[in-house]
Amino acid sequence: MKNTPSWLKSAIFYEVYPQSFLDTNGDGIGDIPGVIRKLDYIQSLGCNAVWLNPCFVSPFGDAGYDVSDYRKVDPRYGSNQDLIRLFKEAHKRGMKVTLDLVAGHTSVEHPWFQASASPSQNKYSNWYVWTDSAWTESTREMPLIRGFSDRNAAYMPNFFHFQPALNFGFQEPDPDKPWQLPTNHPDVIAVREEMKDIMRFWMDAGADGFRVDMASSLVKGDPEMKGTIAFWQDVRAMFDSEYPDCVLIAEWSFPKHALQAGFHMDFMIHFNTEAYTSLFRDERKRDGFLTPGTPYSHSFFDREGKGDITRFLRHFTEHFEATRDFGYISIPTGNHDLTRIRCHRTIGELKVAYAFLWSMPGVPYLYYGDEIGMRHIDGLSSKEGGFGRVGARTPMQWNRKKNAGFSTAPASKLYLPIDPSHARPNVEDQEANASSLLNHLRSMAKLRKAHPALGANGDFSVIHGKKGKYPFIFIRRYNDEKILVAVNPANRTELVKLDRKYSRLRPLKVAGVSLKRNGPDTELVMKGVSYALYLVESARQCTF
Ligand code: NOJ
């Protein structure tokens, strides 16, 4: 793949939500030294790259997605020196660290915004999207916050009201609204160059790239994404010429656009497609963060067995085919915005889901705690703008000791409470249990590493993926190697007659699946909640 850092093709990422990972100074909140201490653990899972959620100075109205100093680590996590040490320690182990770049907005407390809110004209007046009157009315397309300061203007928020949109210009400025600056306005270009300098600052310090928050949100009035795509292509040109080994990863959820824009990878999660929700998250739509008003439906990975894999395939196949020569798609186990994948699933069901995720093309992403099946904790009070999302952000469960080994602080001082269940899973117990979820994931990572067909670049073709039907069976292929992957998340036995070209199958990892031979025909017998990976052998290779 042209100009794509080669390490990405064998990457498995681990997302660390720093506040909840490991607290090393007893203040009840996780920190960067805690991430360093757990690098060996992360690596033991087969993960060789970390995505660290925002760790910069912030008032934490949105858990750090409201930055007030892009060049400084927030003291609650440590110092810039700690972050640099994290880069070094990761590199010593052959691992990578990517940071979270909140490019579309800052906190209202950022000095740029404070200056921009001033009624007197200054360098930063145009750095945010301000109208020309405090009375400009919000519209559906353009919500506005009025009366923030004595500047006679209203500003556009990008997410919550305290996250004002940085001004990357308007693709088609309305001539009747001169405050809508074009993308080539000198002040707009100054914002773009500043964002690039921030990236340079951290890559020069040792970061291996960025996951870009809301990457599609930058240029306003840009329905076809032309301006936003052009913006990122410019950033990508900088990567190619100055930081060719660093990666740009989008939170866009529309890989066709994101990869055209120059991102090396995009997540396929919420927002524009139903692809991800139809796999894992439909049951929870009614609970909040995901698009309200979307009709309740059933996930494919659900033991009720009422899902429909074609809802996923329709989107995935289209985006995969269109982007596979340019970069990767990632289907993560979860993230800090989504309900935990564990929610209402058993460990057995998670094993099936992970067998699928670790066998797909692109790059796997593991959200901290999903390796042990941490639960989604309902009913918590909101913290730092998390609302329903806080249930997926509770402290990591390391062992059976105080605060599950997360912190030595009194329980009342923890960032969020630990899962109160006595049966809560933890790393130490699962390490000691060969059949645990954690060890399942380790063996999936080993398989993926050992078999290029299962890797990022292999082909992907469906051999059984019918509307409303189970199981889902697909072939991964790279050069001469072919692997058949079958998953049956439904809690009922399913039989599938395989094409004769798949009659010679060598088991790689099988749970609850058997092969029934009937003369020259082979039938796959899949018990409820089962999975199997088989190497497809040619007659020459056959070992039985
Ligand atoms: C997406 C982030 O993942 C989420 O946590 C945050 O609240 C919004 N973007 C706003 O930055």
Side-chain angles (χ1 to χ4, degrees), residues 13-21 30 50-70 74 77 98-110 113 128-129 143 145 155-166 168 195 198 210-218 220 228 248-254 258 263 265-273 276-277 281 284 287-292 330-341 365-370 376 380 382-394 415-416:
F13 276 80
Y14 190 86
E15 179 186 344
V16 173
Y17 193 69
Q19 13 323 34
S20 294
F21 198 53
V50 169
W51 157 25
L52 191 63
N53 290 111
C55 57
F56 308 111
V57 176
S58 166
F60 293 102
D62 183 16
Y65 283 94
D66 45 339
V67 177
S68 50
D69 185 346
Y70 285 97
D74 194 274
Y77 297 127
T98 55
L99 301 176
D100 210 317
L101 182 78
V102 189
H105 48 268
T106 66
S107 155
V108 284
E109 290 187 16
H110 196 295
F113 186 74
Y128 295 82
V129 182
I145 305 295
Y155 73 83
M156 189 178 173
N158 215 32
F159 194 69
F160 288 138
H161 72 89
F162 49 78
Q163 289 161 312
L166 280 161
F168 295 99
M195 225 8 101
I198 290 165
F210 300 89
R211 169 268 191 188
V212 178
D213 186 65
M214 294 172 68
S216 62
S217 74
L218 302 205
K220 306 302 178 195
T228 306
L248 256 184
I249 298 168
E251 185 201 36
W252 195 312
S253 209
F254 204 76
F263 282 92
M265 178 155 84
D266 186 20
F267 292 106
M268 209 165 193
I269 34 171
H270 40 318
F271 306 138
N272 305 322
T273 83
Y276 188 74
T277 44
R281 294 300 193 292
R284 299 286 298 204
D287 292 349
F289 190 62
L290 300 169
T291 329
S330 175
I331 312 169
T333 62
N335 73 23
H336 60 288
D337 294 329
L338 301 167
T339 48
R340 285 259 181 205
I341 193 167
Y365 258 75
L366 178 63
Y367 181 50
Y368 86 94
D370 282 349
H376 192 90
L380 295 178
S382 184
K383 173 103 182 184
E384 298 188 348
F387 303 102
R389 302 178 291 177
V390 289
R393 299 176 176 183
T394 57
Y415 174 72
L416 281 168

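What you are looking at is a predicted structure, and each value in this text was computed from that prediction instead of being measured. Read the numbers this way: they start at 1 and go in the same order the structure lists the ligands and their atoms.
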*Relative to the ring of Phe387, is the ring of Phe160 parallel (under 30°), tilted (30 to 60°) or perpendicular (over 60°)?*
perpendicular

*Sole residue of Phe210, Trp51, Phe13 in side-chain contact (heavy atoms from CB on, under 4.5 Å) with Ile249*: Phe13

*Aromatic plane relationship, Tyr368 with Phe21 - under 30° parallel, 30 to 60° tilted, over 60° perpendicular*: perpendicular

*In terms of atom number and element, which parts of ligand 1 are under 4.0 angstrom from non-hydrogen atoms of His105?*
10 (C), 11 (O)

*asked:* At less than 4.0 angstrom from any non-hydrogen atom of Glu251, what atoms of ligand 1 do you find?
replied: 1 (C), 3 (O)

*Near Asp62, which atoms of ligand 1 are under 4.0 Å from a heavy atom of that residue?*
6 (C), 7 (O), 8 (C), 10 (C), 11 (O)

*So does Asp266 pair up with Arg211, basic N to acidic O under 4.0 Å?*
no

_Arg389: numbered ligand 1 atoms lying under 4.0 Å from its heavy atoms_ = 4 (C), 5 (O), 6 (C), 7 (O)

*Counting only N and O atoms by type, is there a donor-acceptor contact under 3.5 Å from the side chain of Tyr70 to the main-chain atoms of Leu101?*
no

*How does Arg211 reach ligand 1, by side chain, by backbone, by both or by neither, if only non-hydrogen atoms under 4.0 Å count?*
side chain

*Trp252 vs Phe263 aromatic rings, parallel, tilted or perpendicular, using cut-offs 30° and 60°?*
perpendicular

*Below 4.0 angstrom from a heavy atom of His336, which ligand 1 atoms are there? Numbered from 1 as shown, please.*
2 (C), 3 (O), 4 (C), 5 (O)

*Which ligand 1 atoms are under 4.0 Å away from a heavy-atom of Asp213?*
1 (C), 2 (C), 3 (O), 8 (C), 9 (N), 10 (C), 11 (O)

